[in-house]
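Comments concern the structure below.
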Number of protein chains: 2
Amino acid sequence: MASDQTRSAILAAAERLYADRGFGDVTLRDIVAEANVNLAAVNYHFGSKDELIAELFVTRSIQTNRERLNELRAAEEKGGGRAAIEDIMRALVGPTLRGCLGPDREGSTAARFMIRASIESVPPIRRIKNREVDHLRKFAAAMRRAMPGRDDTELYWGLHFALAMAHHTIREKERLLRLSEGKCDLDDVRAIIDRVVTVSVMALTIGDVPSRPATRPTLVHGRLTRQDL
Amino acid sequence: MASDQTRSAILAAAERLYADRGFGDVTLRDIVAEANVNLAAVNYHFGSKDELIAELFVTRSIQTNRERLNELRAAEEKGGGRAAIEDIMRALVGPTLRGCLGPDREGSTAARFMIRASIESVPPIRRIKNREVDHLRKFAAAMRRAMPGRDDTELYWGLHFALAMAHHTIREKERLLRLSEGKCDLDDVRAIIDRVVTVSVMALTIGDVPSRPATRPTLVHGRLTRQDL
DNA sequence: TTGCATTTCAAACATTTGTATGAAACTATC
DNA sequence: GATAGTTTCATACAAATGTTTGAAATGCAA
């Protein structure tokens with residue numbers, strides 16, 4: 001068998017098994033059985049189990065990051081170099097949410113693998129995630145261009161909350177479904193993205209609206225009002 | 001030695017070690033060495049390693065849940081049976097954030113353990129978390145009383161997003177710190193709670209404000225506008 | 001003290017798991 | 001078709017780990 005076939009078979013089997021049963025449950029022996037290759041093949045082709053997991057995660061992360069940056073670039077071109085803030089947030093959370101939610105995505109191994117990686121955080125994946133900061137800085141820069149003059153702190157918090165809502169929705173979609181007794185439609189990805197983007201942009205405009213509606217009178221405390229003064 | 005002393009020593013040692021080094025890194029032998037008890041004591045007193053972890057997590061969860069419900073009850077008494085929505089959200093996210101963030105909390109083993117449990121999700125903990133839905137329903141009910149007539153779906157999404165921001169801030173505080181180059185002050189717990197509560201309530205008022213400020217014109221899509229019609 | 005129940009202890013068990021080895025099979029180049 | 005490089009394979013290795021065991025120690029009541 002050509003060397004690449006074995007490599008690919010291992011990657012595919014590992015991703016499928018990890019996605020279905022989690023990292024803690026799947027051994028190399030499970031993987032090689034599923035891939036119909038020899039046990040030693042994993043170490044021969046990848047060096048170690050951790051490097052196999054890392055390669056899986058890096059591959060999928062790069063795909064997501066590329067999609068994000070493509071959307072961001074498209075938004076910036078649309079806006080003549082300066083993207084609208086909602087388009088930036090959409091580029092940030094859209095690819096991840098589209099990749100991991102939705103009815104047809106149930107069968108997507110890649111998506112289920114990324115959800116699993118988000119729930120069970122194993123050392124090789126944690127190491128990679130730590131490098132994600134550089135990628136996020138590009139979004140912070142775009143946000144700064146979109147909202148010039150705004151305090152950087154507010155930008156970072158907005159970025160952080162956007163990721164919070166997106167990732168938590170993916171991580172805890174089962175719980176939200178159960179809590180809401182099915183009322184929250186987790187298959188309508190478009191609506192979810194809209195919702196996350198809307199709230200993210202609202203978070204970024206804290207202290208922005210001169211006169212707050214009377215329905216929420218006492219919400220602002222502490223350092224949140226700096227922009228109003 | 002009295003039986004309870006051994007039990008307590010194991011619990012304390014296990015919580016400390018898990019908090020510092022994570023579940024994957026700590027073996028029963030590490031724990032009994034730290035606790036100065038015999039290896040077999042863990043199985044004698046707890047039955048199994050998983051039951052030990054479960055007991056640790058249940059204990060801390062109960063504490064948090066009790067704090068939450070106390071705050072909720074206080075808010076409802078203050079409002080004469082119907083708590084203000086921002087007080088409800090504050091009762092929901094306040095205890096967790098206060099427990100896990102802040103400068104002096106660095107030394108709190110319990111807090112660090114809960115952060116660890118949030119990052120590394122091991123099977124015994126996952127099983128317990130699945131039962132958390134019942135607890136959250138009490139908050140959903142309070143929210144329903146505070147915002148009568150509002151679509152339940154909106155309530156659940158707001159609750160979900162509030163937890164998203166709180167938990168993600170705890171999980172990813174290191175990354176946010178690094179991304180913002182220290183600009184986001186994660187020691188000012190009060191300000192963080194205010195921020196999360198503010199955004200949560202804003203999320204709940206989607207489609208609530210009759211005329212949206214011109215600064216965010218095109219944010220609402222899809223099913224988000226149902227309340228406006 | 002005697003007797004009974006609880007607790008502790010050292011040691012062994014039984015797996016599981018990732019990794020290494022060395023020979024065999026295969027592939028491609030000359 | 002011989003040779004060198006690559007890949008596969010069965011098997012062994014070594015270490016870690018949760019759990020069990022049966023005896024010894026301890027505590028406690030009668």
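As the structure is a prediction and not an experimental result, all values here were calculated from the model. Reminder, nothing fancy here: chain letters follow the sequence lines and each chain counts from 1. Just the heavy atoms: all of them, side chains too, but no hydrogens, waters or symmetry mates, feed the values below.
- The interatomic distance linking A:Phe46 (CZ) with C:dT19 (P) rounds to 13 Å, in whole Å.
- B:Gln63 and B:Arg66 share no donor-acceptor pair across their side chains, judged by distance under 3.5 Å alone.
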With 3.5 Å as the limit, what N/O pairs link the protein to nucleotides 21-25 of chain C?
none

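- Candidate nucleotides D:dT19, D:dT8, C:dT8 were compared by shortest atom distance to the side chain of A:His45, and D:dT8 ranks first.
- At C:dT7, none of the side-chain N or O atoms of B:Thr6 fall inside 4.0 Å of OP1 or OP2 (strictly under the cut-off).
- Atom NZ of B:Lys49 is separated from atom C1' of D:dT19 by 12 Å (rounded to the nearest Å).
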Output a table of donor-acceptor pairs, distance under 3.5 Å, between side-chain atoms of residues 155-167 of chain A and any protein atom two or more places apart or on a different chain; print 'none' if there are none.
{"unit_1": "A:Tyr156", "atom_1": "OH", "unit_2": "A:Arg144", "atom_2": "NH2", "d": "3.1"}
{"unit_1": "A:His160", "atom_1": "NE2", "unit_2": "B:Thr169", "atom_2": "OG1", "d": "2.9"}

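- When the side-chain nitrogen and oxygen atoms of B:Asn43 are compared with OP1 and OP2 of D:dG18, none of them lie within a distance under 4.0 Å.
- Across the protein-nucleic acid pair, B:Tyr44 atom OH and C:dA5 atom P stand 13 Å apart, rounded to whole Å.
- Considering only residues two or more places apart in sequence or on other chains, A:Ala19 meets the side chain to side chain contact (heavy atoms under 4.5 Å, CB included) condition with A:Thr109, A:Arg112, A:Phe113.
- Within the structure, salt bridge (Lys or Arg N to Asp or Glu O under 4.0 Å) contacts touching residues 160-169 of chain A (residues at least two apart or in different chains) do not occur.
- Using a 4.0 Å cut-off on heavy atoms, the residues of residues 23-33 of chain B that approach DNA chain D are B:Thr27, B:Leu28, B:Arg29, listed by number.
- C:dC26 atom C1' lies 15 Å from atom CG of A:Asn38, rounded to whole Å.
- Atom CD1 in A:Ile10 sits roughly 13 Å away from atom P in C:dG18 (whole-Å rounding).
- With sequence neighbours left out, B:Arg21 forms a side-chain hydrogen bond (donor to acceptor under 3.5 Å, both in side chains) with B:Asp30.
- In this structure, CD of B:Gln5 is placed 12 Å from P of C:dT7, rounded to the nearest angstrom.
- Between B:Leu39 atom CG and D:dT19 atom P there is a gap of 10 Å when expressed in whole angstrom units.
- The minimum heavy-atom distance between A:Ala117 and A:Lys129, with the atom names listed, is O-NZ, 3.4 Å.
- Qualifying side chain to side chain contact (heavy atoms under 4.5 Å, CB included) partners for B:Arg171, counting only residues two or more places apart in sequence or in other chains: A:Arg171, B:Ser118, B:Ile119.
- Whole-Å rounding puts the B:Arg7 CZ to C:dT8 P distance at 11 Å.
- Judged as a side-chain hydrogen bond (donor to acceptor under 3.5 Å, both in side chains), and not counting sequence neighbours, the contacts of A:Glu132 are B:Arg175.
- Evaluation of the side-chain hydrogen bond (donor to acceptor under 3.5 Å, both in side chains) rule for B:Ser48 yields B:Glu51 as partners, not counting sequence neighbours.
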